[in-house]
Amino acid sequence: MRRFALATIAAVVVSCAATVANAATYVFPCENFAKNEDGSWTVLVTTFIEGPDVKVQEGGIVQPGRAILGHDIAAIVAKACPGAVVAPPPPPPGAPPPPAPAATLGTPPAAATPSTAAPVRQQPLPFLSRLMDANGNLDVRQLTCGHIEDASAEEAELLLSWYSGVYSGSPKGRGINLARLRYNIRNVIDYCKANRDKRLSEVMERMLK
């Protein structure tokens, strides 16, 4: 019995020592909370708080006096983070951005010079624009399905919309069926994926007339 009692006491001492060690190594994550003007706290990062064993989710607001699982989390955060600075209130919607800080006296910003300024990169012309003549005209009779495949989606849809109007439009027509137009364009694009060498004029005449 004496050995059993000594073993029990030793186990309790070890358990207490482990608890004290865990408590000593736990540092309250004050950086995960932002203090508000009304005394509440905004949760910046989802955090598990040891002691009450409560998890608070990112973006949540912890109100003082409001219990979570029986614990006043706002009071626990305030006690653990007494030096927290109250965060400035967010600007109202539509408010202009704050002005840039003024330059320090005696250290004016260095002006950009040709040797230090970043070179301006010319944006490449869209694919179909490179096929235009000096007057900006595009000979659609020379286009193939491969040209449609190599063009951007915006260029292809613009050209095929115009082409669709040429083949299926009526001089006296006053309306347009957008659903049918999109369907026709999609059919031409899908066909051209497998037939790059086909002339676009032949494809449009076959599929739209």
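The CD atom of E149 lies 10.0 Å from the CG atom of N195; values are rounded to the nearest 0.5 Å. A distance of 11.5 Å separates NE2 in H147 from SG in C192, rounded to the nearest 0.5 Å. Taking NZ of K193 as the reference point, atom CD1 of I148 lies at 12.5 Å (rounded to 0.5 Å). Note that NZ of K35 and SG of C30 are 11.5 Å apart. Values are rounded to the nearest 0.5 Å.
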**OP:** For V43 and Q57, run side chain to side chain contact (heavy atoms under 4.5 Å, CB included): C-alpha distance rounded to whole Å, both residues' side-chain angles, the deciding distance at 0.1 Å, then the answer.
**Re:** CA-CA 7 Å; V43 184; Q57 297 293 334; over 6 Å; no
- Apply the test side chain to side chain contact (heavy atoms under 4.5 Å, CB included) to residues I185 and S161: give CA-CA distance (whole Å), side-chain angles for both, the deciding distance (0.1 Å), then the verdict. CA-CA 7 Å; I185 291 175; S161 297; 3.3 Å; yes
| query | Which is it for L159 and L200 under the side chain to side chain contact (heavy atoms under 4.5 Å, CB included) test, yes or no, and what are the steps along the way? | reply | CA-CA 11 Å; L159 176 64; L200 183 61; 4.1 Å; yes
field: Test log, rule side chain to side chain contact (heavy atoms under 4.5 Å, CB included), inputs I189 and L160
entry: CA-CA 9 Å; I189 291 176; L160 294 179; 3.7 Å; yes
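Remark: the T42 side chain and the N36 side chain contain an N/O donor-acceptor pair separated by less than 3.5 Å.
Side-chain contact check for R196 versus D150: some heavy-atom pair is nearer than 4.5 Å. Under the 4.5 Å side-chain criterion, counting only non-hydrogen atoms from C-beta, I49 is in contact with I73. The side-chain heavy atoms of Q63 and I61, taken from C-beta on, include a pair separated by under 4.5 Å. D197 has its side chain out of reach of C145: every pair of non-hydrogen atoms, C-beta onward, lies at least 4.5 Å apart. For the pair F28 and E50, the minimum side-chain heavy-atom distance is 4.5 Å or more.
Between the T47 side chain and the V45 main chain, a donor and an acceptor come within less than 3.5 Å of each other. Panel note: side chain D72, backbone G65; a donor-acceptor pair is recorded below 3.5 Å.
One hydrophobic cluster, built from ILVMFWY side chains closer than 4.5 Å, holds both L143 and Y191. Residues L69 and V62 are members of one and the same hydrophobic cluster, defined by side-chain heavy-atom contacts under 4.5 angstrom among Ile, Leu, Val, Met, Phe, Trp and Tyr.
Here the closest non-hydrogen pair linking R199 and Q142 is NH1-CA, 3.6 Å. Between H71 and I76 the shortest heavy-atom distance is CB-CD1, 4.3 Å. In terms of heavy-atom proximity, P64 sits nearest to S40 at CD-CA, 3.8 Å. The minimum heavy-atom distance between V203 and K198, with the atom names listed, is CG2-CB, 3.8 Å.
Taking the six-membered ring where tryptophan is involved, the planes of F33 and W41 are perpendicular, since the angle between them exceeds 60° and thus also 30°.
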